[in-house]
Amino acid sequence: MAESYNVKEIEAKWQVRWETEGLYQVDNDDPRPKVYILCMYPYPSGAAHQGHVRNYTFGDLIVRYRTMKGDAVLSPFGFDSFGLPAENAAIKTGIHPRVFTGERIAELKDSVRKLGAVYDWRREIKSHDPSYIKWSQYIFTKFFEAGLAYKKNAPVNWCPGCQTVLANEQVLADGTCERSGDLVIKRDLEQWFLSTTKYADELLDDLDQLDWPERVKTMQRNWIGRSYGTKFSMQIEGRDGLFLEVFTTRPDTAFGMTYAVIAPEHPMIEELTTTGCRQEVESFRAEALERSDIERQSTDLNSKTKRGAFTGSYAVNPFTNKRVPIFVADYVLMGYGTGAIMAVPGEDQRDYDFAKTYGLPIIRTVRPPEDFQGEAYTGVGEKINSEWLNGLEIDEAKAKANEFLVNIGLGQTTTEYRLRDWLVSRQRYWGCPIPIVDCQNCGLVPLPLDQLPLLAPDDVEFLPTGESPLATHRNFKYTTCPNCGGEAIRETDTMDTFVDSSWYFLRFCDPTNDQLPFSQEAIKTWMPVDQYIGGIEHAILHLMYARFFTKALSDLGYLSNDIREPFSRLFTQGMIRLGGSKMSKSKGNLVAPQKYFDTVGADSLRLFHLFVGPPADDFDWSDQTDDVIEGCFRFLNRVWRISLGEAESFPGVKIEITDRQLNDADTEVLRQTHRLIAKVSEDYERWSYNTAVAALMEFTNLLYKYGGASAERSTFTFAVDTLVKLLAPMAPHISAEIWERRNGGFVHAQKWPIADPELLKADRETLVVQVNGKVRDKIEVDPLIDEPTAIALVNQSEKVAAAVGGKEIKKMIVKLPKMISLVV
RNA sequence: GCCCGGGUGGUGGAAUGGUAGACACGGAGGACUCAAAAUCCUUUGCCCCCAAGGCGUGCGGGUUCAAGUCCCGCCCCGGGUACCA
């Protein structure tokens, strides 16, 4: 370990100073321009890990930078403190989740402070705090009253590991739980939902206006999955008044329908199955329903093998008045469209595969290109085999087919979504209780505001039963109706913790309001969040739920109408991997920040995270990483020595300061200082922190040479003070200490320096001379050199002459003062 | 399969179509020291004894005076997503 400045003493000193001085506390009536910077509030799982460090380092840099630029920066912090780990710990150890969570919060808060990240702690929020629960429940109640929260019986995702239901979004593609990794099964349960689908269009369309990473927007678009299509009914042959409704996005292909398919769960399956086919259909259906979703959806193994059975019934194609057989098959899902399709094997690969398996006819209705090699053809082309649609392009044919269906009264256009309503009830204890009672007389009744917050009792038994511990707590469960006073049963499920995180950023604007979740004025002051920073893992879940809440609360009048989106800009940082997988507590591959706090300090660790690569990129932690962190520490020590080298003496550091008229060397350093200001400011704005750090290092190296060779006093002072100011958002402790020792006061209260455009101009430029695209000479020239002078210099160059070799110059491209390119 | 990213020295990474490899890690050498650590300085893409020169940004083509950067076709790696009709 290097001999160095006193890391621990200095870092501890400034962490206290920033809080006692209230440098980063902002009031809602602050006159400065307002900016809201927010890192996703964490689940408190104990001391911060490197992912947190990275996140809060970026956030803190922006907060300090914008503050120096003169803005009032809202930078709050809180804890997403409801959740499963605390309850699982309670089941295991008997420690109450509140006690367990309190300890984890204290650890996390301590390490966040040790990182030197500054927040307005007066605004701290904890999801499990009664003052927060109260308003979560209030909002739920308002949603219920507005018809946005409702209860229904539905087949839901049940995770045996977590002993609770999950939202669709929480089930991974392979059918496992995103939390526990257990295989999720289907169960029919009475559950609470929030009507996210009511906002499907807006959630989709408003993505366009957001300054978010394109891939996050794409993921949300795919998740919402809007498709425009047609629903139409087909008469069942020989069954008067019985119709099968199907959904298609390609009504133009109806002439190519050679069969129809219903999902195994389709309600008409009984009616449609004839006696002769009953046995086969029944056994197929039983088999299909038993198959788990993963099996049913696994395409890698059986993509070409579609399973199904003939029902014995026929549907009449309204376009041809010909009958087609109706099959039941599990490649059709009950949850989408009408749970029934018209099958067009010529233009749909799944239908094609099924048709091949069952020997059904295949008719093309779009002419594929001559060289088409595939099976089903989904591209553009001319309509064929389609009577009155023949010759048309697909879009025209779609319109005509729709018109036809509307005219005969059998169909209409419609929009379908992949998005489902959000299932929010959880059979767990450590979450926000749902403030509804079920009254024998009045039905579902929300608790009035004066009875909120409804808090879960402490004296419950934590057992892995699959039911909320609240359900076995008689005093909690049995209650009276707030409406009529009659007997009532309390809802014993709690809310998904994503409910808490869907509005916390609003509460930060007005965290102590005891009349409302937040006031309109406070929201107007701060919202929307100008910069939101967090992990890509929340691309769909949290970010879409928060958007939904914002829109719903806006419609309910809690936000001003113009606030329809919570997060104007989103930045998703790269993750930190170790040994090929994401560094996380559950994987047990953490490299704890504490050991760096204890040795090289928080500043070095922060600098490392900024320096190691583009913030959006993933980073692989390796054996060399400690060396790089050490390198950052070395750099900070170099800054320490060069800036305090006059006051103290350091081995090997030689600084000679003189008073004199500025010479060329001094002017050059002055220029470089202004260039540094421009470079670092620009890099801060474009999230290019690694290059900003590199520029600071380069400049420090320059100062060593300058100081060693005799520096002019005012130039050197200006250069060093500028360096310290530019470094202050990145490595706040050491910058604060150096500044105080040199100048007194707070570096973070200084104005961000502004580069003088005059001094940004170089006094020499390197003119590169290319011959046939190859660099043949470099000539130092005046930046304002004119073309004849430059050409004259080029003509004097022996290297250029050698490369030209007496050949004729056909062309000359001149881009002064940087480049002249000769073509011979 | 589809949709995004990404392939640049030993390593992490720089580079508005205009000097490829900034900065750092690691390596080599030197100064200081009784010695070491720390510090400071020099050097470090490859070929070549050196120089001159040549070769170099996953592969193959193309556009251009000029391509890591733009276009076309591939290969590999990472992530997301998946019977959504």
Side-chain angles (χ1 to χ4, degrees), chain A residues 1-4 172-174 213-216 218-219 221-223 225-227 229-230 246-250 253 261 296-300 302-303 306 329-333 335-344 347-351 353-354 416-419 536 539-540 575 577 580 608 611-614 616-620 622-632 634-635 637-638 641 650-654 688 690-701 704-705 708 766-775 777-778 802 810-813 815 818-824:
Chain A
M1 194 56 52
E3 283 177 37
S4 73
L172 301 180
D174 64 355
E214 216 36 62
R215 69 174 171 146
V216 174
T218 305
M219 282 162 79
R221 283 191 191 104
N222 291 341
W223 186 263
R226 178 167 65 194
S227 53
T230 304
V246 296
F247 173 72
T248 178
T249 55
R250 293 291 302 276
T253 63
V261 186
R296 239 181 108 168
Q297 294 182 2
S298 76
T299 47
D300 42 328
N302 305 326
S303 63
K306 297 278 183 280
D330 63 357
Y331 79 92
V332 172
L333 308 177
Y336 187 79
T338 61
I341 61 158
M342 65 167 196
V344 186
E347 273 96 33
D348 184 294
Q349 188 61 40
R350 293 155 302 180
D351 296 343
D353 296 336
F354 188 86
E416 285 290 319
Y417 303 89
R418 208 183 91 101
L419 182 72
I536 187 75
I540 298 176
M575 65 180 181
R577 287 187 302 234
F608 155 76
F611 179 59
V612 78
D617 286 6
D618 289 347
F619 173 74
D620 284 297
S622 75
D623 295 345
Q624 287 195 16
T625 300
D626 275 1
D627 285 337
V628 178
I629 297 172
E630 190 84 18
C632 291
R634 264 203 296 271
F635 163 67
N637 275 295
R638 277 170 71 76
R641 285 190 291 266
F650 298 102
V653 182
K654 179 175 63 147
S688 183
N690 53 334
T691 52
V693 176
L696 294 173
M697 289 174 166
E698 218 171 341
F699 187 73
T700 304
N701 294 342
Y704 267 75
K705 289 204 176 71
T766 307
L767 176 70
V768 174
V769 187
Q770 297 181 358
V771 179
N772 283 353
K774 293 203 162 139
V775 177
D777 202 4
K778 299 168 188 177
K810 289 184 190 151
K811 200 170 169 184
M812 177 157 30
I813 295 106
K815 292 273 163 75
K818 290 272 190 187
M819 197 223 41
I820 288 184
S821 182
L822 306 177
V823 187
V824 301

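Side chains are part of it too, since the values below use all heavy atoms of this structure and drop only hydrogens, waters and symmetry mates. Below, read A as the first sequence line, B as the second, and so on, with proteins coming before strands; counting in each chain starts at 1.
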Need the pair for [N]. Rule: Watson-Crick or G-U wobble, both distances under 3.5 Å, any strand; none if unpaired.
N	answer
G29(B)	C41(B)
G78(B)	C4(B)
U69(B)	none

Counting side-chain heavy atoms from C-beta on, which of [options] comes nearest to [X]?
X	options	value
Phe247(A)	A85(B), C65(B), G26(B)	A85(B)
Phe611(A)	G26(B), C55(B), G12(B)	G12(B)
Ile341(A)	A85(B), U19(B), C23(B)	A85(B)
Lys815(A)	G18(B), A20(B), C25(B)	G18(B)
Gln770(A)	G78(B), U19(B), C40(B)	U19(B)
Leu333(A)	C23(B), A85(B), U42(B)	A85(B)
Ile813(A)	U19(B), C65(B), U39(B)	C65(B)
Pro614(A)	U42(B), C25(B), G13(B)	G13(B)
Thr766(A)	U19(B), C23(B), A14(B)	U19(B)
Met697(A)	A85(B), G18(B), C23(B)	C23(B)

Open item on the list: For Phe699(A) together with Tyr704(A), are the ring centres under 6.0 Å from each other?
Closed with: no
Task: P-based separation of C25(B) from U16(B) [nearest Å] - done: 24 Å
TODO: Round to a whole Å and report the spacing from CZ of Arg634(A) to P of A37(B).
DONE: 13 Å
Open item on the list: Applying a 4.0 Å non-hydrogen cut-off, can you work out what Gly337(A) is touching in the nucleic acid: base, sugar-phosphate, or nothing?
Closed with: nothing
TODO: Determine the contact category for Ser622(A): base if any of its heavy atoms lies under 4.0 Å from a base atom, sugar-phosphate if only primed atoms, P, OP1 or OP2 are that close, otherwise nothing.
DONE: nothing
TODO: Find which nucleotide of RNA chain B each of Thr218(A) and Glu698(A) is nearest to by heavy atoms, and output the residue with the more 5' nucleotide.
DONE: Thr218(A)
- [ ] Indicate yes or no: at least one non-hydrogen side-chain atom of Arg226(A) is less than 4.5 angstrom from one of Glu416(A).
- [x] no
Open item on the list: With a 3.5 Å cut-off and heavy atoms only, can you find an N or O donor on one side and an acceptor on the other between the side chain of Lys818(A) and the base of G18(B)?
Closed with: no
TODO: Would you tell me if any nitrogen or oxygen in the side chain of Tyr331(A) comes within less than 4.0 Å of OP1 or OP2 on A85(B)?
DONE: no
Open item on the list: Is the phosphate of C40(B) approached by Arg638(A) (side-chain N or O, under 4.0 Å from OP1 or OP2)?
Closed with: yes
